[in-house]
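Data first, discussion second: the structure below is written as structure tokens.
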Amino acid sequence: MKSEDTPFEGGPMDGRVLPVLVGMTGHPPKTYRIPVPDPDGGPPTVLVYRRVPRASRGGLRFARWKYAYAPEGGKGAGRKWPWSKPDATPGGKPDDAHG
């Protein structure tokens with residue numbers, strides 16, 4: 001598999017560059033999770049980083065990526081399929097035309 005050196009911004013990994021495996025499209029994963037072991041033997045803490053575009057240097061180039069720290073963790077929006085139910089139900093009665 002192919003890897004790409006990707007910089008990390010924010011959080012404990014700020015300023016580090018790690019080789020990240022890229023997929024068939026040449027893009028790294030949208031989220032990168034790093035488990036950090038607990039020194040007291042408890043459950044590991046998981047650091048979550050989200051993929052964001054890196055500032056381009058001009059010219060025609062492929063999109064380059066970096067990872068930004070996501071302190072909220074793995075709470076992503078997820079996939080939004082057209083046939084999925086909406087998040088909130090509208091107010092009013094089912095037979096009421098005016099809501």
Side-chain angles (χ1 to χ4, degrees):
M1 292 208 76
K2 193 174 181 183
S3 66
E4 180 178 308
D5 289 339
T6 308
F8 286 76
E9 281 188 352
M13 299 290 292
D14 190 28
R16 296 190 186 182
V17 178
L18 296 177
V20 177
L21 293 175
V22 296
M24 290 175 42
T25 60
H27 298 288
K30 290 183 181 181
T31 57
Y32 194 83
R33 291 176 172 80
I34 303 170
V36 179
D38 186 63
D40 298 329
T45 304
V46 178
L47 304 174
V48 179
Y49 284 83
R50 300 227 185 272
R51 182 183 75 185
V52 294
R54 199 185 311 181
S56 62
R57 299 181 204 165
L60 184 61
R61 301 186 63 182
F62 290 106
R64 306 290 292 192
W65 304 99
K66 64 182 176 183
Y67 282 105
Y69 182 61
E72 70 275 1
K75 295 179 177 75
R79 291 191 173 146
K80 298 290 184 182
W81 299 105
W83 55 84
S84 298
K85 293 181 181 179
D87 291 340
T89 57
K93 300 175 187 171
D95 296 333
D96 188 11
H98 300 290

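All values reported here derive from a predicted model rather than from experimental measurement.
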field: Polar side-chain atom of D40 near backbone of G42 as donor-acceptor pair, under 3.5 Å
entry: no
query: Measuring from R51:CZ to T31:OG1, what's the distance to the nearest 0.5 Å?
result: 9.5 Å
query: Any side-chain heavy atom of F8 within less than 4.5 Å of one from I34?
result: yes
message: Hydrophobic clustering (ILVMFWY, side-chain heavy atoms < 4.5 Å, transitive) - are V17 and W65 grouped together?
response: no
message: Taking V22 as the starting point, is it possible to reach V20 by hopping between hydrophobic residues whose side chains are less than 4.5 Å apart?
response: no
query: Is there a chain of hydrophobic side chains (I, L, V, M, F, W, Y, each step under 4.5 Å between heavy atoms) that links L18 to V36?
result: yes
statement: Nearest heavy-atom approach of A70 to R50 is CB-CG, 3.8 Å
query: Is there a side-chain contact between L21 and S3 (heavy atoms, below 4.5 Å)?
result: yes
- prompt: Within the side chain of Y69, is there an N or O that forms a donor-acceptor pair under 3.5 Å with the backbone of L47?
  reply: no
- prompt: Quick one: are P19 and D5 in side-chain contact, heavy atoms under 4.5 Å?
  reply: yes
message: Quick one, Y67 and P7 - any side-chain contact, counting heavy atoms below 4.5 Å?
response: no
query: Under 4.5 Å between any side-chain heavy atoms of V52 and E9, yes or no?
result: no
- prompt: Hey, is the main chain of G23 close enough, under 3.5 Å, to the side chain of T25 for a donor-acceptor pair?
  reply: no
